[in-house]
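Below: the structure, in structure tokens.
Both ligands and their constituent atoms are indexed starting at 1 by order of listing. Computed from heavy atoms alone, side chains included, the values below leave out hydrogens, waters and symmetry copies.
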Amino acid sequence: MHLSRFPRVRLVHGPTPLEPMPRLSAHLGGPTLYIKRDDCTGLASGGNKTRKLEFLIADALQQGADVVITQGATQSNHARQTAAAAAKHGLDCKLLLEKRVSDFGEDYEQSGNVMLDNLLGAEIVSRLPAGTDMQKAMEDFAQELRAAGRKPYVIPGGGSNAIGALGYVVCAQEMLGQSFDMGLRIDHVVHATGSTGTQAGLVTGLQASNSRIPVMGISVRAPKQAQEENVYRLVQATAKHLGMTHEIPRETVAANSDYVGAGYGLPTPEMVEAIRLTARLEGILLDPVYSGKGMAGLIGLIQQGHFGKNDNVVFVHTGGSVGLFGYRNTFA
Ligand SMILES: *Cc1c(COP(=O)(O)O)cnc(C)c1O
């Protein structure tokens, strides 16, 4: 693999720490838990989209864009990180937000990521009803901007395409390097999966180096089967983009959708408990939409005996704690 062939801007304060979570591990009675701190990627509160944006913003600049367009749910962490990355590189940023979570109150609509989108100078162009074809809405808007003489670059939701997923191929390599330095045998990787770029990049990166570490994505939205198919499609596209010549087996993609609850962005008691535990035992802030459900999944799998007592399990913290401010009542 030769990642330096791809245009990249530097946004990540990396490598992000790979740390043990001794108090949470002891509380749960094993396995030994570690956390990859991708909440600490450094860009305007950090999170996993920053790694993807290193490649996406570089591509936008190479194509001569002067404005980026992206989309997400109202409390999108991706929208906030895109706003920051665009600001840093002198690009305008236009956001289309989907009301995927309805009637959640004033904090959800205005605080957290929404407040920071505005602070970072992005324009919230529209707030569209749940179920809108957001990709089409972005393309229509890009067309309007082109007609007005602008050069828009459309970033898909979550930054999840073969370009963005390269950010998590980089993370896989980084984590393998750290595990070697630490003398740490990683037996499992677990993280929250949504728009699929994180898992697709990790799986592709781990497979490219023949590491055979299983990755479990805890779905925050789609049912298991659909999520696995979506991730695998992006694994194949990413491997192709990288110029890999061997096929990555379908079995390398595993998702669990038992922790979604009533739907995307809707709180579950397990999520609230996982966030409280991690805050109070490790001083680490998770988020209500993604990493909180991801940690609820990890805890649930531990309780079901999914891991060996002596396994080393790495939880990838994908960020998002800014979103907590949209959910004040959930934690009151
Ligand atoms: C977007 C996001 C995820 C999911 O990552 P995908 O690459 O979209 O699957 C997980 N956690 C947080 C905090 C996110 O913002």
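A donor and an acceptor atom, one from each side chain of D38 and T16, are located under 3.5 Å apart.
Annotation: cation-pi geometry not satisfied between K49 and Y168 (NZ/CZ under 6.0 angstrom from ring centroid, within 45° of ring axis).
Within ligand 1, counting atoms from 1 as listed, the ones closer than 4.0 Å to a heavy atom of T193 are 9 (O). Annotation for ligand 1: atoms under 4.0 Å from non-hydrogen atoms of N77 are 13 (C), 14 (C), 15 (O).
Checking only distances, N48 does come within under 3.5 Å of ligand 1, N or O to N or O. Taking any N or O of K52, backbone or side chain, at least one lies under 3.5 Å from an N or O belonging to ligand 1. The N/O atoms of D287, backbone and side chain alike, include none that comes under 3.5 Å of an N/O atom in ligand 1. Distances between N or O atoms of Y290 and those of ligand 1 include no value under 3.5 Å. Residue G194 places at least one N or O, backbone or side chain, under 3.5 Å from an N or O of ligand 1. Between H78 and ligand 1, not a single N/O pair is under 3.5 Å apart.
Among protein heavy atoms, the minimum distance from atom 14 (C) of ligand 1 is reached at K49 NZ, 2.9 Å.
Hydrophobic clustering places L286 together with L266 (ILVMFWY residues linked when any side-chain heavy atoms are closer than 4.5 Å, directly or through intermediates). Note on I163 and M138: separate hydrophobic clusters, where clusters join Ile, Leu, Val, Met, Phe, Trp and Tyr whose side-chain heavy atoms are under 4.5 Å apart, directly or indirectly.
Shown here for G197 and S160, the closest heavy-atom pair between the two residues is N-OG, 2.9 Å.
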